[in-house]
Trainee: 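One structure follows; several queries about it will come next.
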Amino acid sequence: MVDFSLNDKQKAIQEKYRDFAQRMIIPNARKFDELAEFPWPVVKAAYEEGLMNGPVPEKFGGNGYSILDAAVASEELGAGCIGIGIGIDANTLAITPLLLAGNDEQHNRFFGRLIEEKGVAAYCLTEPNAGSDVQGIQATALPKGDKYILNGHKRFITNAEAASFFTVFAMTDPSKGSRSLSAFIVPAESPGIEIKPRMQKMGQKASVQNEIIFTDVEIPKENLLGKEGHGFIFAMKTFDRTRTGVAALSLGAARSAFETSMNWAKNRIQFGKPISANQAIGFMLAEMAVKIENARNLTWKAAWAYDTGSKEANMLSAMCKLYASDIAMEVTTDAVQVMAGEGYSYDYLVEKAMRDVKLCQIYEGTNQVQRLVISKNILK
Ligand SMILES: Cc1cc2nc3c(=O)[nH]c(=O)nc-3n(C[C@H](O)[C@H](O)[C@H](O)COP(=O)(O)OP(=O)(O)OC[C@H]3O[C@@H](n4cnc5c(N)ncnc54)[C@H](O)[C@@H]3O)c2cc1C
């Protein structure tokens, strides 16, 4: 049987995050877009209201969300502001390797630290010469006694300047190349870490990125996640879980731009009638609505596939990230077009949504890389 209804827990999640977006995110969205700063007051409020660290199991102080629960929450965050939403959601990316590969002691230590500090974490995979090509990573973490010595240069790292700890991918044996990629937790106070100035960028400005230089940073052996050489697989499995989140954020931004432009079109009078009475505008709105509906169905199906252990989860998570971010770019662009001069102005958030969703086509694997994942799945 196919069932598109949310259960009671998911309905409560939807309501809670929608209410938070109305009260705390939308009123702060323009401010943090202009400040281009990490939205600490909103993130602290999200902690107070129990909205952070959704996928962390309840026994470690999180909410124990399934992937579908988390997607329902992320759509509401995206409908508020993707930049602020990423401030709240990026912990999920950083802590997923810990969730997947960490032992109980590591879970207690690092989830405990995050929740006690009401903090954030950062996921450090990308380097200047390793973007789409993760196997090109050059950072090394060479074993030395009871430690690893980390050297490397990470780029575009979300939350870097705000993070309590970093999840870092580095090679433990450069002679084996990416087969020795391993994942580590590196506390932010470790000597030898240099955080470069914040990246200036087009959208999602409330989310911050920095380059990080690691020079002879000592990592205790007990901070290795899982086994040496399993880093590449942990990085890929992380994206299988988190791409539904990017899809849901995109979907939320598309929905809110669509609703704003539709309400505006019903009230804007030109040539003696609402502009929505013109078929040219009505059909644009109809196509936007269809795309949003399709994107939600695909995102929920991908989340369901992951939650039920389906073999299709890898392919569907790539499909929903690709589709939802592509249609979000189209829908937000059309929302600006429907509202014309008003849409382009700072009086509404649709121009911001259009700038914000562009990044969803780029991070956590570009949409070209998603096509590679999908084609590998369908051709095998
Ligand atoms: C704001 C922001 C936040 C980010 N946050 C993080 C983070 O928190 N942690 C982290 O580790 N990384 C992060 N990233 C990095 C992000 O994941 C990478 O930017 C992304 O994976 C693409 O890498 P690249 O920018 O080096 O592009 P490149 O890999 O250089 O790609 C350039 C172009 O070539 C295309 N391309 C490359 N290879 C192929 C191929 N085989 N076939 C077809 N087309 C191809 C790409 O699709 C793209 O269009 C962030 C990036 C940004 C911009």
Side-chain angles (χ1 to χ4, degrees), residues 32-33 36-39 81-98 120-139 150 152-170 178 181 183-186 188 195-214 231-232 234-243 245-247 249-250 253 317-318 321-322 325-326 329 352 355-376 379:
F32 282 100
D33 185 54
E37 276 179 9
F38 188 80
C81 163
I82 303 190
I84 295 177
I86 281 286
I88 293 169
D89 250 4
N91 270 7
T92 299
L93 177 64
I95 62 182
T96 294
L98 176 61
V120 293
Y123 181 83
C124 306
L125 187 71
T126 304
E127 299 184 358
N129 293 317
S132 301
D133 182 9
V134 172
Q135 294 182 337
I137 283 179
Q138 290 166 353
L150 172 66
H153 180 174
K154 296 290 178 179
R155 192 156 190 235
F156 299 140
I157 304 304
T158 300
N159 283 356
E161 65 181 59
S164 298
F165 60 80
F166 307 107
T167 304
V168 182
F169 294 83
S178 64
L181 264 189
F184 302 90
I185 300 286
V186 181
I195 310 276
K196 294 284 192 184
R198 199 175 294 159
M199 175 190 186
Q200 307 289 309
K201 62 187 193 298
M202 177 198 285
Q204 297 193 23
K205 293 185 182 198
S207 156
V208 295
Q209 284 74 29
N210 314 78
E211 293 191 20
I212 312 181
I213 312 287
F214 296 101
F232 182 75
F234 296 153
M236 296 304 117
K237 285 192 166 171
T238 294
F239 290 137
D240 282 352
R241 285 179 66 101
T242 58
R243 282 189 296 236
V246 177
L249 286 167
S250 312
S317 75
K321 192 273 189 188
L322 164 68
S325 59
D326 276 0
M329 197 66 243
K352 190 182 93 60
R355 284 186 283 115
D356 286 352
V357 296
K358 181 64 212 167
L359 185 52
C360 296
Q361 296 179 304
I362 294 172
Y363 57 22
E364 296 200 28
T366 65
N367 282 3
Q368 287 73 33
V369 167
Q370 305 310 323
R371 287 178 174 89
L372 285 178
V373 174
I374 297 162
S375 62
K376 269 190 194 149
L379 294 171

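Counting starts at 1 for both ligands and their atoms, in listed order.
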Trainee: Take Glu127 and Lys154 through the salt bridge (Lys or Arg N to Asp or Glu O under 4.0 Å) test and state the conclusion after the steps.
Mentor: CA-CA 4 Å; Glu127 299 184 358; Lys154 296 290 178 179; 2.9 Å; yes
Trainee: Is the shortest heavy-atom distance from the side chain of Asn91 to the side chain of Asn159 under 4.5 Å?
Mentor: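 Yes; the side chains approach each other to less than 4.5 Å.
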Trainee: Using a cut-off of 6.0 Å, state whether more than 12 heavy atoms not belonging to Lys201 lie near its atom NZ.
Mentor: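 Counting neighbours around NZ of Lys201, more than 12 heavy atoms of other residues, nucleotides or ligands fall under 6.0 Å, so yes.
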Trainee: List by chain and number: which residues place a heavy atom under 4.0 Å from ligand 1?
Mentor: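 Residues within 4.0 Å of ligand 1: Tyr123, Leu125, Thr126, Gly131, Ser132, Phe156, Ile157, Thr158, Lys201, Gln209, Leu359, Ile362, Tyr363, Glu364, Thr366, Gln368, Leu372.
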Trainee: What closest approach, in Å, do Phe165 and Ile95 show between heavy atoms, and which atom pair accounts for it?
Mentor: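 Heavy atoms only, the tightest pair is CZ-CG2, 4.3 Å.
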Trainee: For residues Tyr363 and Gln204, is any side-chain donor paired with an opposing acceptor at under 3.5 Å?
Mentor: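 Yes, a side-chain donor-acceptor pair sits under 3.5 Å.
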Trainee: Quick check on the 6.0 Å ring-centre criterion: do Phe169 and Tyr123 meet it?
Mentor: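 They qualify: ring centres under 6.0 Å apart.
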